[in-house]
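One structure is given below, encoded as structure tokens.
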Number of protein chains: 2
Amino acid sequence: MKPYKQFFHEYNLTYRPYVNQLNQELAEFQLYSSQWRIMHFILHNGEQTLSDIASYQKVEKPTTTKMVQRLIELDYLQSISGADKRTKLIQLTEKGLERCDQIQAKISQFQQYLLEDIPEEEQVAAARLLNHISGKISDYRKG
Amino acid sequence: MKPYKQFFHEYNLTYRPYVNQLNQELAEFQLYSSQWRIMHFILHNGEQTLSDIASYQKVEKPTTTKMVQRLIELDYLQSISGADKRTKLIQLTEKGLERCDQIQAKISQFQQYLLEDIPEEEQVAAARLLNHISGKISDYRKG
DNA sequence: TTAATTAGTTAGGCAAACTAACTAACGAAT
DNA sequence: ATTCGTTAGTTAGTTTGCCTAACTAATTAA
């Protein structure tokens, strides 16, 4: 099989088991991986508008609205009004921040386990490859 | 950011855009990427039972049943009864086989475009890394 | 000041997955 | 040979995670 076929073959087979296991790890926090992605984004990039979150995750705004609403219900996020009165700045609550620490610890352990036998160089190279693909897809869409 | 974090970060960001674009490529054949995965599997591995398909894709049987039913409606697949009368052997129809050729050509072009700037070595290394992850996840589930 | 754009929400829909509960057929074990 | 556990596949019903269309409110540009 050609290298590019090999790669996409493995790529397809890996995603579901990974997300399923991630969801299982997150269950004790009553979170799905999609919700954790939002919290993770805010944790590392500070408060964000709903549009920021949507465009970063490359999903539509209504989808993001609902996820954020759920996270607000769980008291993991809160929204404050921005200078531009149309916007809502979404930030972590104290409880949310606390959970982030616990979740990060758990997820990091899982992720490190998955890559423990792979040299760091290769991990970085694979990350670069994926990043490259993301860029190419954006270009492809435009032109 | 640590290599393993980098990797999973990119991994998360790449999947949806990739699948979305794949679905767009497949739209002219009235297929979704999940359905194409099934056809692709049968194309490369010959006729399969429904259980084979489900366990390979790592989804539950009811999910597989419905997808295969849809592909039979489209006249891309057909099922014949196996020696074991409980089983159904799912195989490509003539029309399905024809479509596979057309789809393969289109998808290959897209996938090659995505990786055209990446040395083949790195592609293979990344495929190996993903394969390794799949294995680790299976192990993790068991123990 | 009016028109176009942007931020966010609501409503409604669909794909893709799941579990639970079922039927039918097989196989092993006494 | 009969029974009992297992496997193959289906049906029914639910949920997640995404989408588009249509809307309101606020901002920006002409």
Side-chain angles (χ1 to χ4, degrees), chain A residues 12-13 15-24 26-27 29-39 41 47-74 77-91 141, chain B residues 12-13 15-24 26-27 29-39 41 47-74 77-91 141:
Chain A
N12 282 324
L13 282 182
Y15 187 76
R16 283 208 51 73
Y18 173 67
V19 169
N20 284 346
Q21 193 56 45
L22 209 54
N23 282 331
Q24 211 157 309
L26 291 169
F29 303 101
Q30 294 167 297
L31 287 177
Y32 293 99
S33 59
S34 56
Q35 297 169 324
W36 167 240
R37 274 204 302 275
I38 291 176
M39 290 180 69
F41 175 53
E47 61 183 20
Q48 301 287 329
T49 66
L50 205 128
S51 288
D52 291 337
I53 298 170
S55 82
Y56 179 76
Q57 312 254 23
K58 296 187 177 122
V59 299
E60 298 304 314
K61 286 187 292 175
T63 305
T64 307
T65 296
K66 274 180 203 157
M67 286 180 182
V68 167
Q69 280 171 350
R70 174 69 183 134
L71 288 167
I72 289 172
E73 269 173 43
L74 287 167
L77 295 181
Q78 61 194 2
S79 88
I80 59 171
S81 182
D84 179 338
K85 277 173 192 163
R86 289 169 306 176
T87 64
K88 285 185 168 178
L89 293 171
I90 312 296
Q91 53 189 211
R141 290 202 136 112
Chain B
N12 282 326
L13 282 181
Y15 188 77
R16 282 211 52 74
Y18 172 69
V19 169
N20 284 345
Q21 194 56 46
L22 209 55
N23 282 332
Q24 211 156 309
L26 290 170
F29 304 102
Q30 296 168 296
L31 287 178
Y32 294 99
S33 60
S34 55
Q35 298 168 325
W36 168 240
R37 273 204 303 276
I38 291 175
M39 289 181 69
F41 175 52
E47 60 183 20
Q48 301 287 331
T49 66
L50 205 128
S51 288
D52 290 338
I53 298 169
S55 82
Y56 179 75
Q57 313 254 20
K58 291 180 181 128
V59 299
E60 297 305 314
K61 287 186 293 173
T63 306
T64 307
T65 295
K66 274 180 202 156
M67 287 180 182
V68 167
Q69 280 171 349
R70 175 68 184 132
L71 288 167
I72 289 172
E73 269 174 43
L74 287 167
L77 294 182
Q78 61 195 0
S79 86
I80 60 171
S81 181
D84 179 337
K85 275 171 193 166
R86 289 169 306 175
T87 63
K88 284 184 168 182
L89 292 171
I90 313 295
Q91 54 190 208
R141 290 201 138 114

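Below, chains carry the letters A, B, ... as their sequence lines are ordered, and counting in each starts from 1. Keep in mind that the numbers below use all heavy atoms, side chains included, and drop hydrogens, waters and symmetry copies.
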Separation of atom [atom1] in [X] from atom [atom2] in [N], rounded to whole Å:
X     : N      : atom1 : atom2 : value
B:M67 : C:dC14 : CE    : P     : 16 Å
B:N20 : D:dG17 : CG    : P     : 15 Å
B:D52 : D:dT7  : CG    : P     : 14 Å
B:L22 : C:dA15 : CG    : C1'   : 15 Å
A:I53 : C:dG8  : CD1   : P     : 9 Å
B:D84 : D:dT6  : CG    : P     : 17 Å
B:W36 : C:dA16 : CH2   : C1'   : 19 Å
A:Q24 : C:dA17 : CD    : C1'   : 15 Å

- [ ] Heavy atoms only: give me the nearest B:L77-B:V68 pair and the separation to one decimal.
- [x]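 Scanning both residues, the minimum pair turns out to be CD1-CG1, 4.4 Å.
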Open item on the list: Tell me the closest heavy-atom pair linking B:I38 and B:Q57, and the distance in Å.
Closed with: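 Shortest heavy-atom contact: CG1-NE2, 3.2 Å.
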Task: Atom pair NZ/OH of A:K58 and B:Y15 - distance to nearest 0.5 Å - done: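 Taking NZ in A:K58 and OH in B:Y15, the distance rounds to 15.5 Å.
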Task: Distance, nearest 0.5 Å, that separates CZ of A:R70 from CD of A:E73 - done: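 Going from CZ on A:R70 over to CD on A:E73, the span is 5.5 Å.
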Does OP1 or OP2 of [N] have a side-chain N or O of [X] closer than 4.0 Å?
X     : N      : value
B:T65 : D:dG9  : no
A:K61 : D:dT20 : no
A:T63 : D:dG17 : no
A:S51 : C:dG8  : yes
B:Q35 : C:dA15 : no
B:S34 : C:dA16 : yes
A:R37 : D:dC18 : yes

TODO: Mark yes or no for whether A:N23, through its side chain, and A:S33, through its backbone, hold a donor-acceptor pair below 3.5 Å.
DONE: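 Looks like yes, one N/O pair under 3.5 Å.
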Per [X] side chain, nearest of listed nucleotides [options]:
X     : options                : value
A:K85 : C:dG8, D:dA8, D:dA26   : D:dA26
B:V59 : C:dC18, D:dA8, C:dA16  : C:dC18
A:R16 : C:dC18, D:dC19, D:dG17 : C:dC18

Open item on the list: Between the base of C:dT6 and the side chain of A:R86, is one N or O donor paired with an acceptor at under 3.5 angstrom?
Closed with: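 Such a pair is found, so the answer is yes.
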Task: Any donor-acceptor N/O pair under 3.5 Å between C:dG12 base and A:K66 side chain - done: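 Counting by modelled atom types and ignoring angles, a donor-acceptor contact under 3.5 Å is found here.
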Task: Close side-chain approach of A:M39 and A:L31, heavy atoms under 4.5 Å - done: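 Yes - at least one pair of side-chain heavy atoms lies under 4.5 Å apart.
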Open item on the list: So A:T49, base contact, sugar-phosphate only, or nothing? Heavy-atom distance under 4.0 Å.
Closed with: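 Result for A:T49 = sugar-phosphate.
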